[in-house]
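Comments concern the structure below.
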Protein chains: 2
Amino acid sequence: MKGENIKEAGLKVTLPRLQVLEFLEKNVGKHFSADELFTQIRISSSEIGLATIYRVLNQFEEAGLVIKHQFENGQAVYELDTGEHHDHMVDVESGEVKEFYDEEIEALQEKLAKKYGYELVDHSMVLYVKKL
Amino acid sequence: MKGENIKEAGLKVTLPRLQVLEFLEKNVGKHFSADELFTQIRISSSEIGLATIYRVLNQFEEAGLVIKHQFENGQAVYELDTGEHHDHMVDVESGEVKEFYDEEIEALQEKLAKKYGYELVDHSMVLYVKKL
DNA sequence: ATCCTTGCAAAATATTTGCAGTATC
DNA sequence: GATACTGCAAATATTTTGCAAGGAT
């Protein structure tokens with residue numbers, strides 16, 4: 001169903017919400033700022049307001065539909081939450097974001113938490129990199 | 001010497017710069033937003049401008065005297081760069097923050113960046129944990 | 001004496017909110 | 001039809017910049 005997950009979040013299935021969700025679904029693994037989403041959706045179709053984008057993204061985040069990231073550049077970016085954990089690598093020169101998953105790192109983090117007497121609940125790791 | 005590291009950064013040793021640096025030196029391991037520094041320095045002494053705080057912090061960051069962190073709340077925070085890198089472990093139940101350093105993780109991050117054709121410039125890692 | 005630095009105010013960014021009209025259930 | 005939602009504009013919040021005055025070497 002098209003707006004099933006929107007409805008499940010207790011939100012009405014409206015055009016702006018569908019547009020935002022569908023755009024993110026078409027671009028899984030990529031990250032967009034509110035302004036980029038605004039521009040993209042404006043280009044491909046109708047009259048959407050930037051404020052609405054922000055409102056919808058906040059509601060989606062609350063509902064667990066999207067993940068919000070605050071990388072080092074001031075602007076927050078959003079991506080669809082596919083439920084599959086991954087970490088991020090940010091090219092500090094181009095701003096490009098790559099996702100990656102490394103079993104060794106994950107295991108090491110578990111081990112580290114235990115070493116300090118904790119259980120690992122969640123983590124975030126961002127590598128800031130530049131091209132060699 | 002008091003303003004030695006300021007001078008070494010190619011900056012003139014001025015009152016605002018000394019005040020910011022000394023405040024951070026008195027609070028190693030803690031993090032402050034520009035606004036908090038502004039308020040704190042205003043309370044304890046003289047007429048300093050918020051814009052100056054921002055300028056000084058940017059210069060200090062450039063010079064490697066302070067580290068800037070962009071946490072999840074929009075406001076950037078700064079801490080003195082003691083030269084000792086560390087990551088953070090946050091107890092999700094108590095809110096307590098532990099700093100830690102692990103050679104194996106550091107090496108693995110370098111390796112990972114290389115694997116994707118990048119040079120590691122910086123990284124941030126936060127482990128969210130709870131007591132076992 | 002020169003050039004850097006400062007504080008203030010205004011500008012630039014990023015995001016949120018008030019409101020009156022509109023669409024969804 | 002009631003209520004939630006929207007777009008726009010105005011309001012906030014954070015950080016940067018222009019400028020004239022003040023300070024360091």
Side-chain angles (χ1 to χ4, degrees), chain A residues 1-23 31-63 65-78 95, chain B residues 1-23 31-43 45-63 65-78:
Chain A
M1 277 290 89
K2 264 289 100 147
E4 205 51 41
N5 25 25
I6 295 176
K7 207 173 289 176
E8 278 165 17
L11 300 167
K12 287 185 179 171
V13 180
T14 63
L15 190 55
R17 285 178 183 147
L18 277 170
Q19 287 173 316
V20 170
L21 194 57
E22 281 172 14
F23 185 85
H31 304 72
F32 303 91
S33 67
D35 198 61
E36 283 168 342
L37 285 168
F38 176 61
T39 307
Q40 289 299 313
I41 293 174
R42 272 259 165 138
I43 287 170
S44 64
S45 49
S46 68
E47 317 231 318
I48 194 168
L50 179 55
T52 300
I53 302 266
Y54 275 107
R55 273 184 292 232
V56 167
L57 286 172
N58 285 339
Q59 291 156 348
F60 283 3
E61 192 200 5
E62 186 97 8
L65 294 175
V66 306
I67 301 174
K68 177 182 185 176
H69 297 286
Q70 191 75 265
F71 294 140
E72 69 168 15
N73 53 44
Q75 237 171 134
V77 292
Y78 301 80
Chain B
M1 278 291 88
K2 261 292 103 142
E4 205 51 41
N5 25 25
I6 294 176
K7 206 173 288 177
E8 278 166 16
L11 301 167
K12 286 184 181 171
V13 180
T14 63
L15 190 54
R17 285 177 183 148
L18 277 171
Q19 287 173 317
V20 169
L21 194 57
E22 281 173 14
F23 185 85
H31 305 75
F32 302 92
S33 68
D35 199 61
E36 283 168 341
L37 285 169
F38 176 61
T39 306
Q40 289 299 314
I41 293 175
R42 274 257 164 139
I43 287 171
S45 49
S46 68
E47 318 232 318
I48 193 166
L50 180 55
T52 301
I53 302 269
Y54 276 107
R55 272 185 291 233
V56 167
L57 286 171
N58 284 339
Q59 292 157 347
F60 282 3
E61 192 199 4
E62 186 96 9
L65 294 175
V66 306
I67 301 173
K68 178 183 186 175
H69 296 285
Q70 193 74 261
F71 291 149
E72 294 296 302
N73 53 46
Q75 231 170 139
V77 292
Y78 301 80

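Below, chains carry the letters A, B, ... as their sequence lines are ordered, and counting in each starts from 1. Bear in mind that the values here come from a model prediction, so they are computed numbers and not experimental data.
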Regarding [X], tell me which of base, sugar-phosphate or nothing describes its non-hydrogen contacts under 4.0 Å with the strands shown.
X	answer
A:A34	nothing
B:I48	sugar-phosphate
B:D35	nothing
A:T14	sugar-phosphate

Mind checking whether B:F23 and B:F32 have ring centres under 6.0 Å apart? yes
Residue [X], side-chain heavy atoms: nucleotide from [options] that is nearest:
X	options	result
B:A76	D:dT6, D:dT15, D:dC8	D:dT15
B:R17	D:dT15, C:dT6, D:dT6	C:dT6
B:K12	D:dT6, C:dT16, C:dC3	C:dC3

Are more than 12 heavy atoms from other residues, nucleotides or ligands located less than 6.0 Å from atom CD of A:E22? yes
Relative to the 5' end of DNA chain D, which residue comes earlier, B:V77 or A:P16, by the nucleotide with the nearest heavy atom? A:P16
Can you tell me how far the CG atom of A:D35 sits from the CD atom of A:Q40, to the nearest 0.5 Å? 10.5 Å
Are OP1 or OP2 of D:dT16 and a side-chain N or O of B:Y54 less than 4.0 angstrom apart? no
5'-most contact on DNA chain C (nearest-nucleotide basis), B:F38 vs B:L11, goes to B:L11
Check this for me: does the side-chain of B:R55 come within 3.5 Å of the base of D:dG18 through a donor and an acceptor? yes
Given 3.5 Å as the limit, does a donor-acceptor pair link the side chain of B:R17 with the main chain of B:V56, or not? no
